[in-house]
Every structure is written in C-alpha cells, then in structure tokens.
Amino acid sequence: MSVLAGKELRIVGFLCNWCSYGGADTAGTARAVQPTDLRIIRVPCSGRVNPLFVLKALINGADGVLVSGCHPRDCHYSAGNYYARRRLELLKEFLPVIGINPDRFEYTWVSASEGQRWKDVVTNFTNRIHALGPAPRWEDVPARYDRPEELIESIRPLGCGEHPALPELKQAIKDALAEGLEGVLGWKNGFDAVHAEPVLMTTPEEVDSLIWGPFNVHNLAVYLPKYKGRKIGVVVKGCDSKGVVELLAENLISREEVKIFGMGCNGTVSLPRILAKLPEGAKIESCVGRGNKLTITAGGQEYEMTMAEVAQDKCRLCTKPNAVVSDVFVGNPTTEPEAPADGRLPGLRFLDALSLEERMGYWKGQMERCIACHACRGACPMCVCRDHCVSDTRDPAWVTQEDTVQQKLFFQLIHAQHLAGRCTGCTECERACPMDIPVFALKQQFGRMIQKIFSYGAGLDVNATPPLLTYQVEEPTIKEHDLA
Amino acid sequence: MNITRLDKAKDLKFKHQVEEESGQNLSTCYQCGKCTAGCPGAQVYDRQVSQIMHAVQMGLKDEALKNRSLWLCLSCSTCSARCPNNIDVAAVMETLRMMARREGLVQDRPIESFWKAFLDTVHVTGRSYELGVMADYMGRTLRGWGNLEIAPMALRKNKMPFIPSVIHGREEVARIFKRYAEKRS
Amino acid sequence: MKIGVFVCHCGSNIEATVDTATVAKIALTYPDVVFAEDTMYTCSEPGQENIVQAIKKHGLDGVVVASCSPRMHEPTFRRTVERAGLNRYMFEMANIREHVSWIGRDREANTNKAAELVRLAVEKLRRNTPLYAKQFDVTKRVLVIGGGVAGIQAALDAADSGIGVVMVERESTIGGKMAKLDKTFPTIDCSSCVLAPKMVDVAQNPNITLYAHSEVESISGFVGNFTVKIRKRATYVDWDKCTGCGTCTEKCPTKNVPDAFNEDISNCRAINIPFPQAIPKKATINPDYCRKIKEGKCGVCAKVCPTGAIVYDMVDEIVEEKVGAIIAATGYDLVDWTVYKEYGGGAYPDVITSLQYERMMSASGPTGGHIHRPSDGMEPKNIVFIQCVGSRDCSIGRPYCSGFCCMYTAKQAIMTKDHLPDSEAFVFYMDIRAPGKMYDEFTRRAQEEYGVEYIRGRVSAIQPTVRPDGKVGYIVRGADTLLGAPVEVDADMVVLAVGVEGSKGAGNLAEKLRISYDHFGFFMESHVKLRPVETNTAGVYLAGVCQGPKDIPASVAQGSAAAAKVMALFSKPKLENDPQVSVVDIKRCVACGKCIQVCPYQAIEEVEIRGQKKAHVIETVCQGCGVCTATCPQGAIQVAHFTDNQLLAEVNALCLS
Amino acid sequence: MKYAYYPGCSGHGTSVEYEASTRAVCNALNMDLVEIEDWNCCGSTPAHSVSHELSGALAARNLMQAAKTGADCVISPCPSCSSNLKMARYRMQKPAFKAKVDELLDAPTPANADGGADLMETYSVLQAIVENVGVENVASRVTYPLEGIKVVTYYGCLLSRPAHVAKFDDPENPVSLDNIMKALGAEVLPFALKTECCGAAMGIPDVNIPGSLSGRILDTAKAVGAEAVVTACPLCHMNLDLRQRQAARISKKSFFGLPVFYYTQLIALAFGLPKNAMRLDKLAVNPYPLLDKIAERRKARVSAELEAMKAAGAAS
C-alpha cells in the first residue's frame, strides 16, 4: 500500500491489547494529537510478538517498528512482557549485524491509563524515524562480493598425528556394544584420504573402522534426537559435546539413553583450505599426518601443509577441546587454553568493520549466491524442527518460494533466531554450506549479545535454561528504553 | 471605567509573544491567586500579579503592560516557587517589563531611572557605585529624598566611599553596553 | 470468502477528519470484500440492523466494522453478526476513531490511514475461523479486598444473595475512613450511627468470612477460579479467645503510642482496640511499642487477660482461599501534604488535616468532641479552612480534583459554628464543586445561615507569629481574587482540606490483580463511562475511591454495583471461556516442550497421541496470551485469531509493495 | 580547594564587614580564594530587568576572567551576584542564547560539546561552606560558642530561588544557615519569614517598600523572641540594619533594636578570629549589648563547670 508520498514513513506498531492499545485509546479519547505514520497491529500480549515479525517488517521495507506492552509487573498475563523484554532487547542488539540501524526498532511500556505517555512515545518515535529518513532498500544497496579471508592465529597448538589412545577407545566401544548398546556413532574413512564420514558402529568390525583425527569434522550430536527412545552411544570432540549438553538441557534426548565417548581433540581441518592448496580436480591418493604437518599425495605429487594453514577457524579459538560431558573419556585430556580476548570468528570480525549500509550490501551479495539447499539447517544439531521447518510449509507462511535476497536472508534469520541462546558454536552450518557462505556470523552475533546481556553460554550446563525461555522480574542488565 | 469589548480587544498575537519570550504556557493559569497572595509587592501594586496574568491570557495588552506593578516587582520569585501550575510567573513579569519598555509604555519612570542610573554607573566605571547611583538618580528624578534619612548613618559608618572603584577593563564593559545599544536600535 | 465492510461516521467524530465514503470505496478493492458502505452510527439499532440485512442479502461470511476501539464495541458487533447467523468470531474491527480521527487533523492522511487499518482488519478476517466457547466450573465465592463502606456494602449485598464472601481488611477493624468521620454531609447525620449497624451485619452474616489485620499475599488463577493467599499479620492476641473486654488496654503501661485511628492527634496503649464499635472488637498489640515484645520485660496484659488470649510469640500466618471473583475496595489515603513547606510542612501544631479535625469533633474522639487546638488547648476563635491542598496542583503532581473536599469543608465549617458559636470560619477556595442532591444548597447554607466567610483564592503561606499576649497566632496570607487584593487572617487554627490518592500499596495490589493503575494509585476501570465497575481482568471489579475520588453515596452505590456484577457472573451454572486460545497442530508438534516451559498459566501439558508425545492445550485454562506461539520454532502452536499467518498478513499488507 | 572569588560591588561599599568576615572565615576554613582579576559589576537586577543578553554578557565577562584563575568554581558572598552568574551560565547552555551574548562581547565565550557556553559554575560562599567544607567542620573549629543566644535566620529570596537554577537548599524552608548557627552554639528559633522578600533595592526609588516589608520581618522576629537576625545578603542587611529605624517608622512600630549580623561575622566570632575579621563596628544597630550578654553567659557557664570539676575532684 502506498504511503502518503513524502509525508509519512512506514511505521508498524505491535501493541498489547490490555495496556498499550488501551493507552492509545486513552490518548485518542483525550484527543492527544499525534503524527499519523504509525499503523497499529493489535496483539494479545507483547509476549506474542515473535521478534521475527519485527525482522519481517524491517526486511520488507518498514522504516520503523515499535512494540509496546504493559509495564513490567503489570502484565495482564503475568509474565508475557518479561519474555518480550528479553527477546526484543536481544533483537535490538542483533539488528546492526544485518545492516539495520537499531534505532529503527524500539520497544517500550505504556499502560492503559497513560494516554499522554502514549502520545509522547508515538511523537518521539515518529520524529526519530523521520530524522533517520526512509530505510535503505535492498534493491538500492550495492551488493558486495568480498568476504572474510582472515587467517586467525590459533590460541593453542594444533596437531594432526595419530591419537595414541585410539585403540583404547575402540575397546571401550566394543565393551559397551557387548553390554547391550545398540550402536555407537563415530567416523570412518570416506571416499578419499581427506574425507571422513559418519558411521553407526554396531559390530566389532565396524568399530575397527573408527578413525580419530583432523578429518572428523562432523558434529555427530545432530543424529542423536533421531535415536530418541533407543540406547545408543556417540563419540565426541569437545565442540560436539556442547551440542550433546544442549540437547540434554532441552530434554531433546535423555541422559539414560545416550552413552558418550570422548577423547582430547587437537583440531580439525577446513577442507576448502586443503583443496585450495591442491591442483583443481587432482585425485587425492593418500594423506599422512605427523605432528602439526599434513602430507597429501594428489595426482602423484606430494603436498605439505601445516595445521596453522588449514585448520578450521573454530578450532583456532577453541577453549573446550575435551568433552564437556562424557561417560568414557580415554587418553590424556588436551590442555585447555584461556579464553581469547577476542572470540570473534573471521565472519563477524569482517562485518564489524563495515558500515551499516556496507553490511546490507554484504548480505545481499552473500544471499545472491545462496541456493536455498538448507544444508546449513541439516547440519545443525540444535535444529529441533527437522521435517517441520517453517520454511517448508505455508502454515505458517513465514517464507515464500520467491527467490529473492530478502526471502533467503529471512530464512537465515529464522534459523539464527531459533538458535538464539541455544547455539553452541559448532559452525557446522557454515561448514556444510556448499556455497561457502559465512552464515555462522548471524549466530555468533546473537551469541555474543547473549553473553553480554545474560552472561550465558550454551552447551556448558545440562541444568541451565536457555535465556529466552525464562526471565527475571528485575533484569539488571537491560535498561528501560524510555521514549516518553 | 470603560467597558472592555473582549472580542475586539483580544490580541492573541500579544499572548503568544509573551508565551514565546517567557517560555511559559499561560493557558495553564487557573487564576487561583496564590501569586498575588504571596507577593511582597502586592500592597503597592496598582494591578495584582494574578490580574496581569489574566490580562495576558485574555490578550488584553494594555491592561497587561500599562501598570506600575511591573516596575515594582521585586523579582523575588516567590510567585514562581509556589505556583501550582509550575508557571514561572516572575519570568512572565520580567518579559512584560521588557515588552513595556520596547513599546514605550513604562509606567514608573522613577524605577526606570534608578535602573538607568545604576547601569550608567556600570557603563562608565565597570562597577556599581552606590553614592554615584544615588546622586545620578536623585538628579534625574528629583526624588529619593527618603534615602537621606539613612545617609548620615551610612556616611558615619563609612559605608559609602566617595571615590568609585574603576576597573582596567572598563572600556571592555563599555563596549558591551555600546553593542547592546546598537543592537537595540 | 465474502466480506462486508461498514465504515462508521460516528456522527462527526470520525467523519469530520476521515472521508468515510472514500474509505468504503477503497475497501471494495480489497480481496474478498464484496460489500462496503459508510454509515452514520453503526452501533445504533438501525446501524446494526443494516449489518444483519447486508449479511443476509449478500451472503457475507464475515464483517469488518471500521469505527471506534474494539475495546468499546467489539462485543456489541459480535452479537450483531451472531444475530444474522454468523459465528461471532467472524468479525473484525478497525479502530479509526481513537487511533485515527481523534488524533490526527490531516484529513487526507487520516483517510489513507483509515483505509489501511481496514485493510489490516480484512487481511485478518480472511484468516479467521469460527470459534466456539468451552464451559468450565466456577467457584461461587467472592473476595472483597478492603472493609471500608464500599467493601462492606459489596460484601453484604453479595452475602445476602447467598454468595460466600471472603473479606480482607488491612487494619484491625473494618469501617475504613467513614468510621473516623464525625458527621456526614449534607444531612449532618452521625457517621458511625449509619455505619456501625452495617459493620455488625458483616460480623454476623454467616456467609462472610472476615480476615482483619490481614493482607492479600498473592493471587493466581483466572475468572471463576482464583486462588488467593492471605497473610494474617500477627496480632499477638488469640482472637478466638479475646472477648474485647478491654482490661489489657486499661492496664498496659505503654501510653505513648501514636493512635492511628485518631490520626495521631492523641496517643493510645501498646495493646489496643481502635474504637468502641470496632469489628471485630479484638485487641491487637503494636510490636513496635510493646515492652514485652521489644525488651522481654512487662507482660502485664498476659497477666490481666481473663481468657489467656495473649500470645507474644505469634507469627504471621498464610491462609489460602478459593474464589471465583474479586472486588477491590481499597479506598484512599491523604496526599502527603507536608511537601507544602509554605504551610509549615507539618511543623506547625495547629495546622491540621481535615481528617484530624473530624476526630477532634467526634464525640467518641480523643477530645470528646470539644474543639481545642493542639498546641495549647485553647478554644480557637478564628479558624481558617484551606481547600485544594494537594488537589488540582501540578507542582506536586496531583492535577486532579479530589471531589468531596468542598462538601466536607462546608460541613466542618458549619459544625465549627455549631460547636463554637462565637468562632469565625474562613474558607479559602478556588471553585465550589457541589454537584449532587442537596449539595449546593448545603454550601449555600454554610454561607447564608451560618455566616461562614468564603474567600476565593489560594493561600500562599501560613506564618506563625507570637501575639502581644504571648499566644501563638498563624498569619494566613491569601488572596481574594474577586477583590483583586492580597488578604490576611490571624488564625488560631488552620484546617487543610487535603486531597486524596489511591491507598498506600495500591500499585502493589494492582500488580497482583493484573489490573492497570494510574500515577496516583487509582485503579483503572474497563471503560470510564460504560464499564466503571469492571476492570480489564475478567472477574475483578472495583468499588469506592480505589477507582477514583468519590463520596459516601457514590462509594456505596459502586459497592452494590460490584456485588451485582458478581451475582450476574455467578448466575450461570458454568462460565464460558474466550475461545481465542492456543491450538496445537499435532502434525507439526515435535514435543520439544518449549511452549510448556514458557506458559504463564501451566495451560499446556504433554500427552501421548498414537504413541507420540505431543503438546496439548487445556482450553479453559489457556488465557490466549500467545507467548507459546511466539516461542514454538515450528509454528505448531497457534493462538486463535492472532496466528502467525494473521499477523504476517497484516505485516505484509503494510510493508510489501 | 581553590575558588575563584567574586566579591561583588557592595563589598567595597555598604557591606565591607561582610567582605572582611567572609575572607577571614574562608581563610580559617582553608578555602583557597583567588580574587577574579579586574572583575566587573554583574549588572544586578537592573541589568536582567532590562535585557537577559546584557545581563548575560556582563556575567560572562566575569566568568571568562574567572577561568584564568585555574580554580574549580566561582564563589561569591552576595546572593544576587551568585544568582546572576548562575543564571547566565544556565541560560547560555542554550546555543541560541550563547550566540546572542557572544555578539555583545569582545571575544565569544568558549563552547562545550553541545554548543552551549563552557563556563565555570558559580556558588554562593554559603553553599560552598555547607556543601564542600561541611557544617561538622565548622563546628569543630568553634572555640567560643554563642551560648545559646536566640537568633532567627533570614535567607532572602535568591539563595535558593529559582530552585531549578539555584539547586541549593529548600526554596520554602531553607536550613543551611540554621545548621551553621546551631553549630556555633546559637539557638535558632522557628521563623516563617525566612524567604520573605525584604524589599531589595526598591528603597532607592521608594523607601516605603522595603520599609514595610522589612518592618514586618523584624516585627515577627522580635515577636518570636529573637535576640538577633542573621543574614547572608548585603541588600537584605542594608534593609534590616541600616534602614531598621526607617522600617520601624514606616511600619508604625517602635524601634526594634535587633542587631543584624552577617553569618560570617558570627562564625568569625565563634572561631575567635581577630576584630578586623568581623568589623562589628560597621553595624548600624548596636550589637555590643548582645555580645556582652554572650560574654556574661560564658563566664557563668565556665565558672559553673569549674565548680563542678572541683566538686568532682573533692569527691574522689
């Protein structure tokens, strides 16, 4: 629908029925004149406002979005606004990473008696949006095709030699199978020397095929929910174990049904980085790892490379190389380094250095390449929806089949929002992407803001509740956004 | 007393001007009279503060500006401190005073002259000088003789030096006055 | 789907700044809209009939009315469409009055905005489905919070109709502010003579359970089924044993306790019964003063109590009650007038509040009804009454009129003349507000018959001075705005007609009740004109000054009204829920349990359907907040009529293209 | 703490005793005063009654001079001066007003980040003593307490008004002077006319105005039993002291005979500072009978204490 050209901007408001909608009525009854830009959508409670509605509006061209609910302690439904406060605060902190000025979104509290306050809120917010001007359109922003290439230095020694405790691990798994475990998830060699593939080991022979080393990239936690109700084991690296913890914390798998095998991890590799060092199309014949050096024979030629050159980004900053939770841990644990001062992976570092408009251009460029294969989703151990993903249904119709940058980005935002407070940072989404799109940056933006606001990291404590599924009556780290 | 034709006399521009210059919203005055009740000058006023406020509300410019009260106001701000509607009444009075001077409607020449005398002294010497102000004022107005009553005591206590203090930067101060005069004209 | 749109003029309320005919014309271009017209008063009888006819004639499946706030007329129009045979939930409203015509002056912008709001309503309606209410049981008991005259009236009316009543009173006796008054206007009736019998009725009515000296600790549940926890504050006296004989009070050696019932103008003992007609007539120990409790010494009351009722180590007790409705009747407190430093800020002994003056004039008060000023016991000759202290004063954040001060000031001035015929009464007022039966006549009588001097103007300051005879006098400096001059009175005593605000702790209680309240501690009614007794929380009603300043007759009327609302609520064997509740799509649910985790009402449970775990909504417990819908990642749980698809359609209607 | 000191014009004329006692007391309280070089008149009431810009410019020149001292803030004993300097700084926070004032000055005032004038804060000496030195520190320096003489404190209009600019004490019932007087050992009587206007400079054009207003203040003070009035303002002091006889005549009362002190004089007295730190000789209403009374009471108290000590010694 057309906005009165030049006069109005498109401002969408979500108001709870009981307090703020009533406050707007009170303002009307008092004939409190306000700017005309705002369009109010009535919702039962601010807690009903899924942050994705706000993102939807902003991605689709709204110039400003305002959410208003009952004051804290005053919610008609007791607690809806407490959930809203956490989710919307986080959303506001998230927006800049996709190039949206966080001032375009605001949330506040107005009670049904506060007509004057409502007038002030509308007036001030509308003035703010007019001062910002019309939101930049995706069509108008120039796409960027540059991308993070930074090779960050590792905070710990990385290695690719044979793990001395592997036979011990195999024996432990065989014992467990003998004791009645249905199977154990692990890795075996794939179609060539640098590709591993997941395996469900059920016989001693299959256990003998188990490998442990830099090519065990897959996070096997992703398969666990599928086996819910069956007794099964899983071999985990440190990062994988965080996924297991988070699944346990959310009751998506049960502790009694899963046996966890761990060994100290010395890092895994990024296959694109290895392939980039080999001639295109060269057949890989063998690979030998010693210390921190890999020797790959491809097309009859030997190539040497160090872990410092080819390790995955997440391994370089890993502080949990040993399983956070395990039933059987064999061998010596790897030394755990101090947390790095800067935990950002290259994707976020690159984005942080850009202006808001450049970030929009960046995502436009990345999303133009997205083929919507949803491999990112498939690799994610925390995606609970599986076959019920909202991107595969019209009911509800969050995304359409249109092949636009906005639609594809919105899918990524849905995924990131669903993972907010739950993502353990395994970066499997990014690894799985056939187009090599750095989608993990969206999750890491949520992650660091959750750390900032709630001092919470996912995947460390099976008794923890993800911060967006709970609340505190007083939120000391969230300051009120007073528009009045 | 004349009958005021409210429809004709109402000068809304005047009201808005007072509101603009004083920064006060006069529509909020509901004529409770608390300003008048506490005004130390009320006993000598020819029109009470609350009445002046009402005159401004009604846009009655003459009633608001042509009175001695503006000049007898002591600027003590008691009215402002106690106004139930948070109106800075003293600021309104000061605004009206300035407007009256601009419009040539000064109703109390003696006080105006006293101020002139005071400021002239500052203009010349950079500081105020009581004896000088007094002499200047009495010379201009042939009034103020009541003060002679306290002069002997003041002189006995050596509280009125015969020599004004003059500052080095008096020219600088004079330039302030000069620019002010130029700007006004 | 066939949708009809009706755009209301609301007389000129909307039409003046919105071109309703154009809005209707634009509405016809929206998907599924087959009929649209503008009407004068849609809510009127012919207006509603017009909708019914249109539904029949055009075979409409749903209706949009663009008019006032749905908080006003949504129930009205739902009944209308139901009359025409549609499901009542196949209806949506666009609020083009409160949100458009009344707040914007630009007709073009308003018309465009109104059309867009109609578009939103149409998009929502297209995705509505018929909904049917479920029935649930109701606990036919009512909680009355506050035992002042409004609460007493509500309790008695409800109890008389056979409803069980739980009354909670913060003080150790019911009676509220009215029990403190000497006389009432405009009849000069004795206040306690009118009230005391009603208080006795409360005590004797078998349907009423009274918790005095108690407060509401917490409230959970919803209309029909509230669970209330009540904190019975320790009285240190076993009330089952106490006979109210008063021996303890007589013998208690601690005599310096400020007497709250007498507004602190006199002292009482550490163990006390507030006044002779107290209900319940039971003693209470004030632990801040009791020597036994503070220092472990004394114990006189325990020694003299003939029934052994004293329990020094009593602690608070929490009791639980189940009720189906709640009436809040928590009354008021006086505004803190000590902020007026120009009136002495509480430092001048002979400047007192009107409520203190009531106690002074009351025959059962500390002076036995004799008027003596506090400082030196002198019988005052000049008494000044100052009105609007703490009312109509933006500078202290109390801009409203407290409503009944003009009347009681006239009463007090008349009573003063009755008590002290030689005295002079001066009343400083701004406006005399006396709308009510025989009210204005009453204030006229004060002036015409009793010679009370009314001076129109506020008082700037009260300045104590010492008169030549050594006695303290109070120079009251006011203005007579009719005279256009400052005036002064040398007063012996000054009575301040202090304004009222919601009673202390009202905000806290409102939060427990989940109702709105304003800056002044008054509870917010559902509609200021048409639903003054209801709140926006179903099953919670208001009575008396807790809703806004009002005098005794109005408080009593609202008490009865609240009781009548409860009776109407309880008149049905079962209550019907609002069917706009959450529904689980079991095909999409993966039983991750997040909805169960966030539901504020424990309305979602895990069930097994054909061997698979799924979430299930208990429809009569769900209140329809939609937090679950905003939480479910698969969108498997949708709150009816606020579904993801409906809100997305609204967002898309506004933001796409 | 270092203060840029602005004495005000009356310090050289009608209020030399205020000036002398202020400097002496500040010195005794270790307040480092640096007089602003070549300061000019702040313009007082006439300037702001004529033009806010003119008043602002006169004040701004002083505040710019003050910046040269390197002090933390400006202090002035005179409430009118400190109020004017405060008000100028307050108004000049608005860039538009600053620009208008700058047009009158030789050089524009420095700007702060928000575009307003970057000028020093001004306080009354009283505020600096109460808030920076502290009443308890004043009390600890007292060597000759005032022996319970009954005083009323008179603040005048401008010490705490207008409240949003003054930001000091209570505009209706200020207590800072009361606290100092109690610290000195005086009895402070309740006094409702603490902030009632004395008539200010209206005496020059019309002596009846301060005559009747001051008459009322003095009459009430006398009625409540005061032995002296304590002030902090040169203009108030002139109206209450120098014009006391005139006030009695105009308000048709007999002469009050109430000594009127600057609070600094009484501090100096209680600190035991030398005579030239008080300049009591400058007061119009004879203060000496009251000082004699203090001395007598002190003598009686000290000898009673000695007796008590002796008795205690004998007993042990």
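A note on names: the letters A, B, ... follow the listed sequences, proteins ahead of strands, and every chain is numbered from 1.
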Looking only at atom types and distance, does a side-chain atom of [X] sit under 3.5 Å from a main-chain N or O of [Y], one as donor and one as acceptor?
{"X": "Tyr83(A)", "Y": "Val627(C)", "value": "no"}
{"X": "Arg10(A)", "Y": "Cys655(C)", "value": "no"}
{"X": "Asn645(C)", "Y": "Ala397(A)", "value": "yes"}
{"X": "Arg588(C)", "Y": "His388(A)", "value": "yes"}
{"X": "Arg71(C)", "Y": "Asn17(A)", "value": "yes"}

Can you tell if the side chain of [X] reaches within under 4.5 Å of the side chain of [Y], non-hydrogen atoms only?
{"X": "Ser78(A)", "Y": "Arg514(C)", "answer": "yes"}
{"X": "Arg42(A)", "Y": "Pro70(C)", "answer": "yes"}
{"X": "Val384(A)", "Y": "Pro633(C)", "answer": "yes"}

Less than 4.5 Å to any heavy atom of chain A: does that hold for the side chain of [X], its backbone, both, or neither?
{"X": "Gln638(C)", "answer": "side chain"}
{"X": "Ile515(C)", "answer": "backbone"}
{"X": "Leu117(C)", "answer": "side chain"}

Apply salt bridge (charged side-chain N to carboxylate O under 4.0 Å, His left out) to Lys56(A) and Glu650(C), showing your working.
CA-CA 11 Å; Lys56(A) 189 84 183 172; Glu650(C) 292 185 68; over 6 Å; no

Give the C-alpha distance, both sets of side-chain angles, the deciding distance and a yes or no for side-chain contact (heavy atoms from CB on, under 4.5 Å) between Ser516(C) and Trp18(A).
CA-CA 9 Å; Ser516(C) 295; Trp18(A) 303 99; over 6 Å; no

Checking side-chain polar atoms at under 3.5 Å, does Asp644(C) have a donor or acceptor matched by the opposite partner on Asn50(A)?
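There is no such pair (donor and acceptor under 3.5 Å, judged by atom type) between the side chains of Asp644(C) and Asn50(A).
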
Mutual orientation of the aromatic rings belonging to Tyr601(C) and Tyr77(A) [parallel < 30°, tilted 30-60°, perpendicular > 60°]:
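Aromatic pair Tyr601(C)/Tyr77(A) classed perpendicular.
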
